[in-house]
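Quick notes on the structure that follows.
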Amino acid sequence: MQERYEPRSVEREAQEFWAARRSFRVTEDAGRSKFYCLSMFPYPSGKLHMGHVRNYTIGDVLTRYYRMRGRNVLQPMGWDAFGLPAENAAMANRVPPAKWTRDNIAYMKRQLQSLGFALDWERELATCDPSYYRWNQWLFTRLFRKGVAYKKTGVVNWDPVDQTVLANEQVIDGRGWRTGAPVEKREIPMYFLRITQYAEELLAALDELPGWPEQVKLMQKNWIGRSEGVRIGFEYALENEKRVLWVFTTRADTLMGATFMAVAPEHPIAEFAARRDAKARAFVEECRRTTVMEADLAQIEKQGVPAGIEVEHPLTGAKIPVWIGNYVLMGYGEGAVMGVPAHDERDFAFALKYGLEVKQVIQVPVPSEREEDLEYRRFSNTQWKPWYEEKEKGICVNSGKYDGLTYRAAVDAIAADLGAKGLGEKQVQWRLRDWGISRQRYWGCPIPIVHCPACGDVPVPDAQLPVVLPEHLVPDGTGNPLNKLPEFVDTACPSCGKPAKRETDTMDTFVDSSWYFARYACPDQGGAMIDERARYWMPVDQYIGGIEHAILHLLYSRFFQRAMIDEGLYGEVPAARRRTLSEPFADLLTQGMVLAESYYTDAGGRREWVNPAEVSVERDAKGKIVAAKRVSDGAAVVYDGLGTMSKSKNNGVDPQALIEKYGADTARFYTMFASPPTNTLEWSDESVEGSFRFLKRVWAYCLKCRGASGSSADEAARKAARFEIHSVLKQVNYDIEKRQLNTVASGAMKILNALERLDGFPAEAGEGLRILLRVLSPITPHLAHHLWRELGFGEDVMQAAWPDPDPAALAQDEIKYVVQVNGKTRGTVSVPAGLSDEQTAKLAISAVDKYIGGKEVRRKIVVPGKLVNIVL
RNA sequence: GCGAAGGUGGCGGAAUUGGUAGACGCACCAGGUUUAGGUCCUGGCGCUAACCGCGUGUGGGUUCGAGUCCCACCCUUCGCACCA
């Protein structure tokens, strides 16, 4: 055994051992309980970052732990390989995206392997391979024929100079990121997936996902956004034709207070008004230009113009003016609202600006005296407070036959009356919209549709799949290069055989990642999307990834899983199994971000970012940071706080450099030890050093232990050491099940501390060391593997069973009690096991005699095995 | 604005059901080995001059006993945001 711990050779040797034995290959085994442990697959951006290391280490620790617990564990890896960065890199370097992507995959795969993850590489997949994406296409054609996929026009960001579609993140301050040209909204035909068909189920099933963080479930709930209300029709006449303007409201009880209508600028009425009236046209035009991002909308002042139309109140027959309002969203409800200024904050602001009537129809119990209500009172000449500032909904007033009704009763009555006239019904509205999957991009999965002048949009038949993406193209920033490739575009109609044009749009890359987890079960399956092996492995038992995917990726995957089940891809699924199988990820762990400090030098207002590794800090006697400077030249640097690692702030830590300096095991140990998995991790080079120091101490202890035997430790000391080690082990086993991996790492440290306190190497030391190496093996697998063999404990620590504490070791002859007087801790006392509470209390009183000082003992509280509280 | 999570030493963080607050580590201090430095080893380390004092964001409460439970408030972070 080497004197010094040399991670490089230890890790190479262990990795060769695993490779030679194909240690991580897994097959289906009906006789064993399966555990599918999955980390979100990476986008092959070039090289691994610390977030990857953290993510994959968490997954690997759990994988190795459950393996040692006897489960049949699958942990695969693959590549989310389509996407925009490859096109950008291609433009910058004039390299085809395919080559750039595959080079990156090769490099990052070596990095992952150097970290020693227990991955079954025989299941590796990349979404840019035709063998993978053909099944995107295959499923799409199925869904298209069923109507779950369909075509309609959708709004995109259009760069008029490059003649190309921009992603939201490519629009900066309303301008194209490359050209600086003002971005336009443009309507183009797109393909959609009818995720709304599953809205009800996707929402309801969230309540049956105990393994998901509440936060994520809530975000999904809000995203799906179910609300109950009433759809109300307002009749009007236009060009001698009777029409109805429909609105949706959750507050039908305020219908009697509607004094105007507001429609979205994209609403047919607005478009009609724009054709007829110059002012309306100008307003609609301006709205189209102003913004693409919906979030900005909230900041803009409410504005509108009259549409020149009046509608009829469905209950009173009163004439109500219609306005075009910039605050009305076309994409929600009917794209039109009834304006009830007295009881809606937005309607009120709008009415205030344009002098529209305010009519109170709800009475709220407690009048408000608050300052901000005064203006309102002056305006409306009433003595009450707008309902939206109240928690209660109030009762109807000024509402004729509805006066006195509460919210629920009023909504029911009004809905019934509207229903009788055919001008309203109760309705459930969803915020969730259908998923537009068309991307006017080259580096993605081609949408398998052929446009035929005679037959229309024809899905490509199975026999002609996959529609292979040509890989030699280099985009130049002026639109999708597929459009300029006649051999791709020009084809024959699969239906009639006449000349036709192939669709050149590709799919949103979220499609690729919505089912990859199922494909890992059977990546070699050439004849089907998935096979019976997916039935064995699905659902994923533990999914691990970033919170940034809390909504889209996870929601789309939940949708896809259901669509795939409904397509019969999992065969006949009994109802009970359907519930568990529909949710692709039974347990979800969202790991926190990796943060680092950033520093800059300030030379005349110009910041130069200095890498934290090049900064030395000065501390006072208590360890507080008082100053910082750059090591190379002593220049003073300014601390800029913690943030995500980024190139712009020059505060990144390169995993590769870390591995080269300390080894993979230190990188793994540190990322586990520094912080609980779900918290942010604040990077500290000194703390990395501390983790390395611990691994060196483990090595040194094993080195000493190896040749030695015998001990001067007495029986009590040996027993105490054994008690401590097994106590720590009990805690470790509890912690790992609850995914608190930082305390698992510190538990390993505690075991080593206990071993080092023990003189010599009695049998208890050997036992403790076996426990230590097994506890360490998921976190630092190379080190544990090497030492396990060096000490002759066995051939392969991974094959050893995970340790459980020995109840005999945890049994004590004497129990230490904490003694409190009046609730304050005043000492401890050792009590032989098996004494009565009364006897224990007597011993406790004698131990803290001087705090009692002859006063009367009024009560004695004994918590068995823990403490005694003497109340005077 | 709405929603969620969280405030514990100089720092990261521990503390199953209320039961010795600060485990484990970093930083810092002292000593030792080596000595050019680092490595390595030993000890100390919430505040306080000290205590039988004070301490888990602030103020109340429940309890023999509160970081943990209840009420009110303050602050931070994250998510959503004109969704009718």
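It should be emphasised that the depicted structure is a prediction, and the values quoted were computed from it without experimental measurement. Numbered from 1 within each chain, the chains take letters A, B, ... in sequence-line order.
With respect to the salt-bridge test (charged N to carboxylate O, under 4.0 angstrom), the residues A:Arg4 and A:Glu6 qualify. Salt bridge A:Asp207/A:Lys221: present, at least one basic N to carboxylate O contact under 4.0 Å. Checked for salt-bridge contact, A:Glu856 and A:Arg858 miss the test: no charged N lies under 4.0 Å from a carboxylate O.
When heavy atoms are screened at a 4.0 angstrom cut-off, A:Val871 is found touching the sugar-phosphate backbone but no base atom. Counting non-hydrogen atoms under 4.0 angstrom, A:Asn869 reaches a base of the nucleic acid. Within 4.0 Å of A:Gln820, counting heavy atoms only, lies at least one base atom of the nucleic acid. Across all strands shown, A:Ser691 has no heavy atoms under 4.0 Å from either base or sugar-phosphate atoms. Residue contacts shown for A:Leu218 are limited to sugar-phosphate atoms, with no base heavy atom under 4.0 Å away. If you check every strand for non-hydrogen atoms under 4.0 Å, A:Gln740 touches sugar and phosphate atoms only. In this structure, A:Arg4 reaches neither bases nor backbone, as no heavy-atom distance under 4.0 Å exists between it and the strands shown. Note on A:Gln731: a base of the nucleic acid sits closer than 4.0 angstrom, heavy atoms only. Heavy atoms of A:Phe673 sit under 4.0 angstrom from at least one base atom. Among the protein residues, A:Arg693 comes within range of the sugar-phosphate backbone only, with heavy atoms under 4.0 Å from sugar or phosphate atoms but none that close to a base. Looking at heavy-atom distances under 4.0 Å, A:Gly225 makes no contact with the nucleic acid at all.
Pairing partner, B:U56: none, since no Watson-Crick or wobble contact has both distances short of 3.5 Å. Across all strands shown, B:G19 pairs with B:C64; the Watson-Crick or G-U wobble distances both stay below 3.5 Å. Base pairing analysis places B:G37 opposite nothing; no Watson-Crick or G-U wobble pair with both distances below 3.5 Å involves it. Pairing for B:A30 is with B:U42, a Watson-Crick or G-U wobble pair whose two hydrogen-bonding atom distances lie under 3.5 Å. Under the Watson-Crick and G-U wobble criteria, each requiring two contacts below 3.5 Å, nucleotide B:C2 is paired to B:G79.
Comparing A:Gly331 and A:Thr828 along RNA chain B, the residue whose closest nucleotide (by nearest heavy atom) sits nearer the 5' end is A:Thr828. Place A:Leu681 and A:Glu214 on RNA chain B by their nearest nucleotides, and A:Glu214 ends up nearer the 5' end.
With C1' as the reference atom, B:G22 and B:G55 are 11 Å apart, rounded to whole Å.
In this model, a side-chain donor or acceptor of A:Lys866 finds a partner on the base of B:U17 within 3.5 Å. At a cut-off of 3.5 angstrom, counting only N and O atoms as typed in the model, there is no donor on one side facing an acceptor on the other between the side-chain of A:Gln215 and the base of B:G79. One donor-acceptor pair, N or O on each side, does fall under 3.5 Å between the base of B:U20 and the side chain of A:Lys816. Counting atom types as modelled, A:Lys860 pairs no side-chain N or O with a base atom of B:C64 as donor and acceptor under 3.5 Å.
In this structure, B:G65 shows a glycosidic angle more than 90 degrees from zero, which is the anti conformation.
Aromatic ring pairs are classed by plane angle as parallel below 30°, tilted from 30° to 60° and perpendicular above 60°; the pair A:Tyr556 and A:Trp435 is parallel.
For A:Lys730, the NZ atom is loosely surrounded, since the number of other residues' heavy atoms within 6.0 Å does not exceed 12.
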* To do: Test A:Phe350 against A:Phe260 for ring-ring contact (aromatic ring centres under 6.0 Å, His included), laying out the working first.
  => CA-CA 10 Å; A:Phe350 194 80; A:Phe260 69 95; 5.3 Å; yes
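Separating the NZ atom of A:Lys426 from the C1' atom of B:A84 is a distance of 17 Å, rounded to the nearest angstrom.
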